Chemist: 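Before anything else, here's the structure in question.
Since this is a predicted model, take the numbers as computed values, not measurements. By convention in this document, chain letters (A, B, ...) are assigned in the order of the sequence lines, proteins followed by strands, and residues within each chain are numbered from 1.
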Amino acid sequence: MIDGFVAVYVFMLAAFVGNEIISKVPVVLHTPLMSGSNFIHGIVLVGAMVALGHATTDLGKIFGFIAVFLGAGNAAGGYVVTERMLEMFKTKKKKDVKKDEGDKK
Amino acid sequence: MSEYIPLLIKVAYFVAAVLFIVGLRRMSAPGTAKGGIIWAGFGMVLATLITFLTPHMGNYVLILAALVSATAIAWISGKKVAMTDMPQMVALYNGMGGGSAAFIGAMELYKVSNGHELSAIPMSLALIGVFIGAISLTGSLIAFGKLQGLIDKRYTFPGQNIFNGIFALAVIGFGIYTFGHMEAMNLWIFFGGALILGFLMTLPIGGADMPVVISLYNAFTGLAVSFEGYVLGNWAMIVAGMLVGAAGTLLTQLMAKAMNRSIANVLFGSMGGDDSGGAGGDQGEMKEIEGADAAIMMAFAERVVIVPGYGLAVAQAQHKLWEMTQLLTENGVDVKFAIHPVAGRMPGHMNVLLAEAGVPYDMIEDMEDINPQFKQTDVALVIGANDVVNPAARDDPNSSIYGMPILETDLAKNVIVIKRGRGTGFAGIQNGLFFKDNTKMLFGDAQDAIGELITGLKEL
């Protein structure tokens, strides 16, 4: 078990870090960033795995199965969607270069 | 060897938490954004793999079955979905995370009802986690349904806010009672009540507010994950969850601010639908224009500003739009794209779509930069946007969107509006712009209409 007050400090510090990171983000990245943070709370999967791993009752196993299923969906789906969105920011420059070259010809 | 495993797991979770923070940091700057998700992805894979080493675990078959099946389904659906449907997928995956946190909390509390010991602080955090996780689950599902078009109207009735308020208080009150009387039946009633509350809260919220709502539920899920992490003694969950909880809350505020609405207003002030949203049919006639004429108008303009909206995204017409833009540029026309902060269904959504089509950054202007330029603009081309160009938001204090910042296309010398039909926009409010003397309507699906414009431009 975690000492209650240590956790309060961690809650506070993590909250400040999260706040600080987002405060300077350009509008262009709002949607990808929401998607990215959506992926990060997919870490719930880890807790779901532990909870199911320790489940002994039938009901516990059913709930645990649902929790792992939902958590894994959050993590995997969140990653793919974010990655696809951000992919566009990367490939964009290459396309422009090619088009510029094409224009010159 | 095995005595080092708990330490190894702790170290791995710590590394994962650091990777999440670095990843999120990188994702918040355009140059490093792509790498950011990969950093965070490494953290997730590391944390997931190391968790299999947790001592005294069983049910490995069940864990693997759930893990593999959900990963496969989410991975494939995430790969296949069109870029335009991204916002609702974010809502869906977010709801899943909230649901996962809620079920974890319910499992831990169910153990307590069977005589397991749990002290007051983790028990209350577990209850709160169940509450907000459940709201996030059903609320996000409704948001998904609305954006996907499965739920195509808002469900409102008189006194709804009061009813929802009383229901929310009842669920919270019952939660406090459950805290003192931790029995399985009480727990299920509380869980079910929170699930229903998520439905009730989200059903009356109209489309224009949906991005704010999804972002809010994203923050909710983060908090729920963090609280359940505390109950399980899992530092990776505590840090990552709180990180998202804080970042999501701020992001929600930024979005609400972009629309000049408070979060309370979004949740409790139903928007649009009623006739108080500005004058209706007495504004005159809409004037139609043919594609060829509109093409000529633009080709001989000095400056054209394109305002893309959700209609463009739905029609998947961003590539054609870029083709048309290139034709105009070849004719010597100065073309700019004006993006409203909430164009599309989420902030930045439209930027992503235009980037996909290959539109360079320097042609895209934010609202603050472009608004003073409309007076010198010959043609403003509005494609499938409605509420974000509605002058009522600036001029009509009685309008329900009054105060929302808009793109001031009505100040341009000419306005061409591509629109599917004569109906009102997502917020259900009549738009005076469409009836103005210098506004011409080009009715049709964005894909077809832009096709007509391209044909017109090529024939010049």
Chemist: Side chain, backbone, both or neither: which part of A/Thr57 has a non-hydrogen atom closer than 4.5 Å to chain B?
Modeler: side chain

Chemist: Within a 6.0 Å radius of atom CZ on A/Phe16, are there more than 12 heavy atoms belonging to other residues, nucleotides or ligands?
Modeler: no

Chemist: Give a yes or no on whether the backbone of B/Ala82 and the side-chain of A/Arg84 come within a donor-acceptor separation of less than 3.5 Å.
Modeler: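 Not at all, since once roles are kept as given, no pair shorter than 3.5 Å links the two residues.
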
Chemist: Which region of A/Leu13, side chain (C-beta onward) or backbone (N, CA, C, O), has a non-hydrogen atom less than 4.5 Å from a non-hydrogen atom of chain B, or is it both or neither?
Modeler: neither

Chemist: Check whether A/Ile40 gets within reach of chain B through its side chain, its backbone, both or neither, counting any heavy atom under 4.5 Å.
Modeler: both

Chemist: Looking at residues at least two apart in the chain, or sitting in another chain, which of them share a side chain to side chain contact (heavy atoms under 4.5 Å, CB included) with B/Thr51?
Modeler: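 For B/Thr51 the side chain to side chain contact (heavy atoms under 4.5 Å, CB included) partners, ignoring immediate neighbours, are A/Val46, A/Met49, A/Val50, B/Tyr13, B/Thr54.
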
Chemist: Could you list the residues that satisfy ring pair (Phe, Tyr, Trp, His ring centres under 6.0 Å) with A/Phe69, not counting sequence neighbours?
Modeler: none

Chemist: Please report the closest heavy-atom contact between A/Ala76 and B/Thr71, naming both atoms and the distance.
Modeler: CB-CG2, 3.7 Å

Chemist: Please tell me if the side chains of B/Thr48 and A/Ile43 come closer than 4.5 Å, counting only heavy atoms from C-beta onward.
Modeler: no

Chemist: Is any side-chain heavy atom of B/Phe20 closer than 4.5 Å to one of A/Val17?
Modeler: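 The answer is no, as the side chains (C-beta and beyond) never meet within the 4.5 Å cut-off.
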
Chemist: State, with a plain yes or no, whether a side-chain heavy atom of B/Ile21 is found less than 4.5 Å away from one of A/Ile21.
Modeler: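 Side chain of B/Ile21 against side chain of A/Ile21, heavy atoms only: contact under 4.5 Å found.
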
Chemist: Relative to chain A, which of B/Ala246, B/Ala70, B/Ala74 shows the most heavy atom pairs under 4.5 Å?
Modeler: B/Ala70

Chemist: With side chains defined as the heavy atoms from C-beta onward, is the minimum distance between A/Thr31 and B/Asn351 less than 4.5 Å?
Modeler: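 A/Thr31 vs B/Asn351: side chains apart.
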
Chemist: Could you walk me through whether A/Val81 and B/Val90 pass the side-chain contact (heavy atoms from CB on, under 4.5 Å) test, one step at a time?
Modeler: CA-CA 8 Å; A/Val81 167; B/Val90 174; 4.2 Å; yes

Chemist: Quick one: are A/Phe39 and B/Tyr93 in side-chain contact, heavy atoms under 4.5 Å?
Modeler: no

Chemist: Name the option with the most non-hydrogen atom pairs under 4.5 Å to chain B; the candidates are A/Leu59, A/Asn19, A/Leu52, A/Leu70.
Modeler: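 That would be A/Leu70.
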
Chemist: If you apply the rule side-chain contact (heavy atoms from CB on, under 4.5 Å), what do you find for A/Glu83 with B/Lys34, and how did you get there?
Modeler: CA-CA 7 Å; A/Glu83 206 250 350; B/Lys34 178 72 177 81; 3.3 Å; yes

Chemist: In terms of heavy-atom pairs under 4.5 Å, which option from A/Gly71, A/Ala72, A/Gly77, A/Gly47 contacts chain B the most?
Modeler: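 Highest number of heavy-atom pairs under 4.5 Å: A/Gly77.
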
Chemist: Check whether B/Asn59 reaches the backbone of A/Ala55 with its side chain - one donor and one acceptor, N or O, closer than 3.5 Å.
Modeler: yes

Chemist: Can you check side chain to side chain donor-acceptor pair (under 3.5 Å) on A/Ser37 and B/Asn218, steps first, answer last?
Modeler: CA-CA 8 Å; A/Ser37 58; B/Asn218 188 38; 3.0 Å; yes

Chemist: Flag the one option from A/Met12, A/Glu20, A/His41 with the top tally of heavy-atom pairs under 4.5 Å to chain B.
Modeler: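 The candidate making the most pairs under 4.5 Å is A/His41.
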
Chemist: Does any non-hydrogen side-chain atom of B/Ser28 lie less than 4.5 Å from one of A/Ile22?
Modeler: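 Heavy-atom side-chain distance check fails, nothing below 4.5 Å.
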
Chemist: Hey, what's the ring geometry for A/Phe11 with B/Tyr230, parallel, tilted or perpendicular (30° and 60° as the breaks)?
Modeler: tilted

Chemist: Can you confirm if the aromatic rings of B/Trp188 and A/Phe63 lie within a centre distance of less than 6.0 Å?
Modeler: yes

